Amino acid sequence: MLWLSVSVLILLSGAARIGSRAEEVTCSGIVPMKYRSDIISITDYGGVGDGRTVNTKAFKEAIYRIHHLNRAGGTLLYIPPGVYLTESFNLTSHMTLFLAKDAVIKATQDYSNWPLIDPLPSYGRGRELPGGRYMSFIHGDGLEDVIITGDNGTIDGQGDIWWNMWRQRTLSFTRPNLIELLNSRDIIISNLVFQNSPFWNIHPVYCSNVVVRNVTILAPLDSPNTDGIDPDSSTNVCIEDSYISVGDDLVAVKSGWDEYGISYGRPSSGITIRRITGSSPFAGIAVGSETSGGVENVIAENITLYNMGVGIHIKTNTGRGGIIKNITISSLCIENARRAIKISGNVGDHPDDNYDPNALPVVNGITIKDVTGVKILQPGLIQGIKDSPFTGIYLSNINLDWVRGSRPSTPWTCSDVSGDSVKVSPLPCSQLQI
């Protein structure tokens with residue numbers, strides 16, 4: 001009766017959420033949820049949820065079964081309550097990974113046996129160090145129809161050992177993401193807690209039709225580079241109804257790094273970010289800084305941020321190239337931030353000395369509207385690039401409670417930028433008052 005109890009749980013969980021949000025706009029329909037009749041449990045393959053047994057063999061055998069039997073409609077792999085310690089593993093197409101309430105999939109901390117994989121072609125090397133990189137904890141390449149969901153179970157990367165290696169500068173390769181899916185389509189990630197990622201949490205790269213919804217993402221505020229959700233050179237991505245509190249950007253849209261991203265030439269486009277709440281010492285909603293393939297047609301709305309470094313951060317650099325355009329951010333509430341809005345052309349490092357300093361990014365068509373903020377140390381900093389000024393910057397209906405007497409002493413700092421503004425307080429810089 002396992003199939004019946006899991007199916008009923010999924011249906012009830014989904015119905016409750018649909019009922020509670022019946023009037024809310026959603027983009028999640030780009031990938032419909034599937035209910036699979038073929039259900040197996042990790043315990044069928046020797047899985048033991050005692051928090052001590054290493055279950056790598058059980059995960060690999062269960063997923064091997066899903067891949068090779070290839071049941072019509074796919075298969076659901078059920079993780080019952082318990083703590084399932086495992087090394088990293090690969091998913092397969094046409095599968096659902098379902099974590100029950102009180103189920104935890106926990107990464108081992110034995111990095112000596114952690115697989116290495118090639119760098120992403122749009123990055124040319126590991127993001128932190130030259131050469132390859134550690135494979136993500138849960139990984140997939142070239143997949144379709146993959147669902148990672150549950151009844152608020154937890155995926156725990158146990159990242160503190162990796163964070164300490166970063167702090168002590170003893171890393172040999174770039175740290176693993178918690179979840180990375182490459183070259184994949186029709187993906188749903190929902191109704192789970194993700195915590196303590198060694199590096200970025202959820203990283204869909206070269207993907208299309210991705211829904212990330214109803215997730216909680218947690219990491220200590222001092223954990224390095226623990227971005228929440230980073231869609232990267234991906235299209236048709238829906239990110240909704242989630243809480244994120246991490247040590248880096250909550251959501252950061254990316255598309256490759258300098259000459260490698262320019263050469264690979266795959267933009268991120270059609271990204272919707274909606275009803276996100278969170279806190280971070282870095283940015284709430286970010287674009288960049290790796291934007292060499294271009295980023296366009298991004299909508300972020302109904303965002304609630306508190307105790308932030310920066311509310312909105314659009315960031316690039318000389319050598320990046322790429323076009324950033326048609327970005328609309330609206331209905332933001334920000335409480336207690338160093339800076340509410342930052343659009344900058346001098347952020348981020350380079351993979352090597354072979355980048356082209358004449359590869360200048362183009363930033364055009366940025367709309368930020370309906371923003372309120374309290375306890376804001378600086379309302380805004382918008383600094384373009386001398387030989388590639390940022391254009392079409394439009395600010396509307398923005399009211400920011402500027403903490404006077406804080407540094408810097410002026411509310412807005414602007415250079416190499418043009419645009420317009422309506423109903424913005426405090427008044428923005430003259431370049432935006434046409």
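Because the structure is predicted, anything quoted here is derived from the model rather than measured.
Below 30°, between 30° and 60°, or above 60°: for Tyr64 and His68 the angle between ring planes is between 30° and 60°, a tilted geometry. Classified by interplanar angle (parallel below 30°, tilted 30° to 60°, perpendicular above 60°), the ring pair His350/Tyr355 is parallel. Between Tyr78 and Phe98, the ring planes are parallel. Angles under 30° get that label, and only those over 60° would be called perpendicular.
No side-chain heavy atom of Asn399 sits under 4.5 Å from any side-chain heavy atom of Val371. Contact of the Ile314 side chain with the Phe390 side chain is not registered, since no non-hydrogen atoms from C-beta on lie closer than 4.5 Å. Contact annotation: the side chain of Ser418 never approaches that of Pro389 to less than 4.5 Å [non-hydrogen atoms, C-beta and beyond]. Residues Leu178 and Ile202 are not in side-chain contact: their nearest non-hydrogen atoms beyond the backbone lie 4.5 Å or more apart. Between Val347 and Asn317, the closest side-chain pair of non-hydrogen atoms is not below 4.5 Å. The side-chain heavy atoms of Arg338 and Gln378, taken from C-beta on, include no pair separated by under 4.5 Å. The shortest side-chain heavy-atom distance between Glu301 and Lys369 does not fall under the 4.5 Å cut-off. Trp163 has its side chain within reach of Arg175: a pair of non-hydrogen atoms, C-beta onward, lies under 4.5 Å apart.
Screening Thr92, Thr96, Asp38, Asn70 for a side chain to side chain donor-acceptor pair (under 3.5 Å) with Thr75, the sole residue that qualifies is Asp38. For the side chain to side chain donor-acceptor pair (under 3.5 Å) test with Arg275, the passing option among Asp241, Asn302, Asn214 is Asp241; the others fail. A side-chain contact (heavy atoms from CB on, under 4.5 Å) with Ile229 is found for exactly one of Val212, Val237, Val246, Ile273, namely Val212.
Panel note: side chain Ser280, backbone Asp248; a donor-acceptor pair is recorded below 3.5 Å. A distance-only check finds no donor-acceptor pair linking the side chain of Ser242 to the backbone of Thr216 [under 3.5 Å]. With hydrogens and angles disregarded, a donor-acceptor distance shorter than 3.5 Å links the side chain of Arg133 to the backbone of Asp118. Side-chain atoms of Trp257 do not come within 3.5 Å of backbone N or O of Ser292 as any donor-acceptor pair. Side-chain N or O atoms of Arg36 include one that pairs as donor or acceptor with a backbone N or O of Gly73 at under 3.5 Å. Remark: side-chain polar atoms of Ser234 are paired, donor with acceptor, to backbone N or O of Pro204 under 3.5 angstrom. Between the side chain of Ser388 and the backbone N or O of Ile385, no donor-acceptor pair lies under 3.5 Å.
With rounding to the nearest 0.5 angstrom, the OG1 atom of Thr316 is 11.5 Å from the CD1 atom of Ile323. Rounding to the nearest 0.5 angstrom, the gap separating the CD1 atom in Ile244 from the CG atom in Leu305 is 10.0 Å. To the nearest 0.5 Å, atoms CZ (Phe173) and CD (Glu128) are separated by 12.5 Å. Met95 CE to Leu76 CG: the interatomic distance, rounded to the nearest 0.5 Å, is 8.0 Å. In this structure, OG1 on Thr372 lies 7.5 Å from CD1 on Ile334, to the nearest 0.5 angstrom. Considering CD1 of Ile393 and CD1 of Ile343, their distance stands at 4.5 Å, rounded to 0.5 Å.
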Under the side-chain hydrogen bond (donor to acceptor under 3.5 Å, both in side chains) rule, what do Asp230 and His203 come out as? Steps first, then yes or no, please. CA-CA 5 Å; Asp230 287 0; His203 186 218; 5.9 Å; no
Determine, stepwise, if the pair Asp227 / Lys254 fulfils side chain to side chain contact (heavy atoms under 4.5 Å, CB included). CA-CA 12 Å; Asp227 297 29; Lys254 302 175 181 291; 4.0 Å; yes
In sequence, state the C-alpha distance, the side-chain angles, and the governing distance for Gln158 and Asn196, and then conclude on side-chain hydrogen bond (donor to acceptor under 3.5 Å, both in side chains). CA-CA 5 Å; Gln158 291 212 96; Asn196 300 323; over 6 Å; no
Test side chain to side chain contact (heavy atoms under 4.5 Å, CB included) applied to Ile79 and Leu97, step by step: CA-CA 8 Å; Ile79 313 300; Leu97 178 65; 4.0 Å; yes
Criterion side chain to side chain contact (heavy atoms under 4.5 Å, CB included) on Leu432 and Ile382, from CA distance to verdict: CA-CA 10 Å; Leu432 301 178; Ile382 306 177; 3.7 Å; yes
Checking side chain to side chain contact (heavy atoms under 4.5 Å, CB included) for the pair Asp145/Ser93: CA distance, chi angles, key distance, verdict? CA-CA 6 Å; Asp145 179 25; Ser93 295; 5.8 Å; no
Show your working on side-chain hydrogen bond (donor to acceptor under 3.5 Å, both in side chains) between Thr235 and Ser208 and close with a plain yes or no. CA-CA 5 Å; Thr235 58; Ser208 62; 4.7 Å; no
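Between Tyr264 and Tyr206, the distance separating the two ring centers is shorter than 6.0 angstrom. In this structure, Trp162 has its ring center closer than 6.0 angstrom to the ring center of Tyr134.
Residue Lys342 qualifies as enclosed at atom NZ: its count of foreign heavy atoms under 6.0 Å is above 12. Atom OH of Tyr111 sits in a sparse spot, with 12 or fewer heavy atoms from other residues, nucleotides or ligands closer than 6.0 Å.
A salt bridge links Arg127 to Glu290: at least one charged side-chain nitrogen sits closer than 4.0 Å to a carboxylate oxygen. In this structure, Lys315 pairs ionically with Asp249, as a charged nitrogen and a carboxylate oxygen lie closer than 4.0 Å. A salt bridge does not link Asp352 to Arg125: none of the charged side-chain nitrogens sits closer than 4.0 Å to a carboxylate oxygen.
With no hydrogens or angles considered, no side-chain donor-acceptor pair links Ser279 and Ser245 at under 3.5 Å. In this structure, a donor-acceptor pair under 3.5 Å is present between the side chains of Thr26 and Glu240. For the residue pair Ser331 / Asp370, no side-chain donor-acceptor distance below 3.5 Å is found, with atom types taken as modelled.
In terms of heavy atoms, Ser184 sits closest to Gly142 at OG-N, 3.6 Å. Looking at every heavy atom in both residues, Asn55 comes nearest to Thr86 through C-OG1, 3.9 Å. Nearest heavy atoms, Glu180 versus Leu182: OE1-CD1, 3.3 Å. When all heavy atoms of Ile368 and Ile398 are compared, the pair lying nearest together is O-CD1, 3.6 Å. Closest of all the heavy-atom pairs between Tyr260 and Tyr123 is CD1-O, 3.3 Å. Residues Ser41 and Pro80 share a closest heavy-atom pair of OG-CD, 3.9 Å.
Shown here are the side chain to side chain donor-acceptor pair (under 3.5 Å) partners of Ser136, two or more places apart in sequence or in another chain: His139. Under the salt bridge (Lys or Arg N to Asp or Glu O under 4.0 Å) criterion, Lys57 pairs with Glu61, not counting sequence neighbours. Under the rule for a side chain to side chain donor-acceptor pair (under 3.5 Å), Thr272 has no partner lying at least two apart in sequence or in another chain.
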